[in-house]
Amino acid sequence: MHEDITQMFDLRGKTALVTGGARHLGFDAASVLAAAGCRLAITSRDVESAQNSARKLTENYGIETLPLALDQRNAAAVAETVSQVKERFGGIDILVNNAGGTPKSSAAELTKRDPADVAALIELNLTAVLYVCREAGKAMIEQKSGKIINIASIAGIVGRDRRIYERSGLLGQPVDYAAAKAGIIGATRDLAAFFAPFGVNVNAISPGGFERADMPPAFVEDYSNLTPLGRMGRDGVDLKGAVLFFASPASDYVTGQNLAVDGGFTVWR
């Protein structure tokens with residue numbers, strides 16, 4: 001491979017913080033950054049999960065890792081985590097703001113949903129994400145460089161056909177999840193404007209549905225039929241290129257963008 005291409009995606013000597021980096025898409029993000037030579041701090045609410053995943057990354061890629069427990073809903077804990085990463089590695093060059101999810105609740109339908117569940121989901125998927133941007137952003141302002149990658153969702157772009165969830169006996173996606181992910185997309189654009197004078201790029205990735213072993217086959221088929229490429233996303237494969245692009249020098253003149261990695265799901269209808 002020509003050295004121009006190698007340099008464009010070379011992350012040797014860089015440090016990345018990946019929240020929720022112990023499993024699924026977070027682990028995929030950590031893996032591709034490790035493959036590019038990046039040192040890694042990965043977080044999970046369960047420290048043992050973070051430690052196990054960090055061990056795999058070190059074994060597979062020969063890079064230095066720092067596993068940390070983090071509940072990012074706690075602003076003080078976020079500040080302490082960033083401090084630990086800076087103390088260990090000297091700074092933070094890349095943030096993959098991935099942690100989030102849908103806490104268990106009794107109902108997904110808004111008219112039946114407990115208001116406490118709405119507040120908890122938005123706190124985890126939006127407010128807490130801003131806490132991480134705030135603290136990692138401070139470190140990047142100090143060094144006058146950095147890449148922030150917020151993991152949003154196509155839920156923040158299009159509405160859902162809930163019939164495919166009902167046919168498979170699934171609860172479906174709460175409206176508040178869509179609201180939180182749309183908030184991340186909006187925040188990404190304004191954070192890009194805020195951080196630009198300090199040499200910090202801020203972009204978002206909106207994954208579509210990724211196939212998991214516990215999904216009913218009927219749901220996978222229904223979802224795939226709604227997707228131009230005819231399938232759901234693949235763990236270990238389909239998110240990595242977007243993460244590497246936004247983390248690397250290849251995207252130095254790109255900021256404030258949201259890239260849908262969804263097999264074309266959002267372009268139909």
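Bear in mind that the values here come from a model prediction, so they are computed numbers and not experimental data. In this chain, residues are counted from 1 in sequence order.
Using a 3.5 Å distance cut-off with no hydrogens or angles, the side chains of T188 and N150 do pair a donor with an acceptor. Between the side chains of D10 and T6, no donor-acceptor pair is found at a separation under 3.5 Å. Checking S206 against S153 by side-chain atom types alone, no donor-acceptor pair falls below 3.5 Å.
Although no hydrogens or angles enter the test, the distance criterion places a donor-acceptor pair under 3.5 Å between the side chain of T43 and the main chain of G20.
Salt-bridge annotation for K56 and E59: absent, with no side-chain N of the basic residue lying under 4.0 Å from a carboxylate O of the acidic one. A salt bridge does not link R231 to E211: none of the charged nitrogens lies less than 4.0 Å from a carboxylate oxygen. Contact check on R212 versus D235 returns a salt bridge, with a Lys/Arg side-chain nitrogen under 4.0 Å from an Asp/Glu carboxylate oxygen. Ion pairing between R162 and E109 fails under the 4.0 Å rule for side-chain N and carboxylate O. A salt bridge is absent between K147 and D93: the closest approach of a Lys/Arg side-chain nitrogen to an acidic carboxylate oxygen does not fall below 4.0 angstrom.
Judged as a salt bridge (charged side-chain N to carboxylate O under 4.0 Å, His left out), and not counting sequence neighbours, R55 has no contacts.
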Under the side-chain contact (heavy atoms from CB on, under 4.5 Å) criterion, do R163 and R167 qualify, and how do the steps go? CA-CA 6 Å; R163 292 172 296 183; R167 281 197 291 267; 3.8 Å; yes

Full working for side-chain contact (heavy atoms from CB on, under 4.5 Å) between F27 and V18: CA-CA 8 Å; F27 186 76; V18 182; over 6 Å; no

Going through the distances and angles, do R39 and R88 end up as a side-chain contact (heavy atoms from CB on, under 4.5 Å)? CA-CA 10 Å; R39 297 170 301 204; R88 174 73 170 268; over 6 Å; no

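Annotation for A30 and G21: closest pair CB-O, 4.4 Å, computed over non-hydrogen atoms.
Taking the ring centroids of F265 and Y223, they lie under the 6.0 Å cut-off.
The 12-atom threshold is not exceeded at CZ of R23, counting heavy atoms of other residues, nucleotides or ligands nearer than 6.0 Å. Annotation: E48, atom CD; neighbour count of heavy atoms from other residues, nucleotides and ligands within 6.0 Å does not exceed 12. The environment of CZ in R160 is crowded: more than 12 heavy-atom neighbours from other residues, nucleotides or ligands sit within 6.0 Å.
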Atom pairs and distances, side-chain donor-acceptor, residues 117-129, under 3.5 Å, sequence neighbours left out:
| residue | atom | partner | partner atom | Å |
| --- | --- | --- | --- | --- |
| N125 | OD1 | G101 | N | 2.9 |
| N125 | ND2 | G101 | O | 2.6 |
| N125 | ND2 | L121 | O | 3.0 |

